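Before any comments, here is the structure.
Model, not experiment: these values are computed from the prediction.
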Amino acid sequence: MKLNEKALAMASGVSGAIVAVICAVLVWMFPVGMTNIASFWAHMDFSNMARSVTLANFLGGIILTFVFGYIVGWIFAKLYNKFLGKTAA
């Protein structure tokens, strides 16, 4: 079964944007806790970084995460369909 590249790309982009919104809300509500989580994930100390959620970085994060998710979803579907064609004989 081939994947619809545009549908998967859109689903990936929208999923990423939803996660970006949730993340921004959590940073706004729990700035220190989310900084600690980010420090664990990145293996770096982010405790001295500013943790403000502005409208500009909120919207920018949503847009960039959507675009990145869209591109990754599209690439994934393209590769999946390509490899599927090679194995289906």
Side-chain angles (χ1 to χ4, degrees):
M1 178 178 99
K2 289 188 109 177
L3 294 175
N4 181 317
E5 295 156 5
K6 289 182 182 177
L8 183 63
M10 187 61 73
S12 298
V14 170
S15 297
I18 290 169
V19 170
V21 170
I22 293 168
C23 183
V25 169
L26 289 172
V27 169
W28 175 69
M29 292 173 61
F30 311 106
V32 174
M34 292 304 290
T35 300
N36 291 337
I37 290 171
S39 293
F40 289 132
W41 283 342
H43 311 290
M44 298 173 69
D45 183 10
F46 294 135
S47 60
N48 293 325
M49 291 182 66
R51 297 175 291 273
S52 62
V53 178
T54 65
L55 182 59
N57 66 26
F58 175 73
L59 294 176
I62 292 170
I63 292 167
L64 288 174
T65 306
F66 171 82
V67 170
F68 181 74
Y70 187 96
I71 292 168
V72 169
W74 183 81
I75 291 170
F76 177 86
K78 273 287 204 199
L79 290 172
Y80 178 89
N81 290 339
K82 179 180 178 173
F83 294 134
L84 182 69
K86 291 184 182 223
T87 60

Listed once per pair and sorted, the side chain to side chain donor-acceptor pair (under 3.5 Å) pairs that draw on residues 10-29, sequence neighbours left out | none
Taking side-chain contact (heavy atoms from CB on, under 4.5 Å) as the test, write out the residues that go with M1, two or more places apart.
-> none
Scan residues 60-75 for pairs that pass side chain to side chain donor-acceptor pair (under 3.5 Å), counting only residues two or more places apart or in two chains.
-> none
Does L3 offer a backbone N or O that forms a donor-acceptor pair with the side chain of N81 under 3.5 Å?
-> yes
Pairs flagged by salt bridge (charged side-chain N to carboxylate O under 4.0 Å, His left out) wherever residues 63-80 is involved - sequence neighbours left out | E5-K78
Remaining members of the apolar cluster that contains F68, side-chain heavy atoms under 4.5 Å = V72
Starting at CG of L64, measure out to CG of N57 and round the result to the nearest 0.5 Å.
-> 11.0 Å
Members besides V19 in its Ile/Leu/Val/Met/Phe/Trp/Tyr cluster (side-chain heavy atoms under 4.5 Å) = none
Taking ILVMFWY side chains as joined if any heavy atoms are under 4.5 angstrom apart, and letting links pass through other members, which residues group with F40?
-> none
Connected hydrophobic set around V32, excluding itself, where side chains approach under 4.5 Å = none
Who pairs with A42 by side-chain contact (heavy atoms from CB on, under 4.5 Å), at least two apart in sequence or on another chain?
-> M44, F46
Distance in Å, Y80 OH paired with L84 CG, rounded so as to fall on 0.5 Å steps = 5.0 Å
Please answer: with hydrophobic residues joined when any side-chain heavy atoms are less than 4.5 Å apart, are M49 and I37 in the same cluster?
-> no
Excluding sequence neighbours, so at least two apart, what forms salt bridge (Lys or Arg N to Asp or Glu O under 4.0 Å) with K6?
-> none
Any side chain to side chain donor-acceptor pair (under 3.5 Å) involving residues 33-49? Give me the pairs, sequence neighbours left out, ordered by first then second residue.
-> T35-R51, D45-S47
In chain order, what residues pass the side-chain contact (heavy atoms from CB on, under 4.5 Å) check against L59, with sequence neighbours excluded?
-> L55
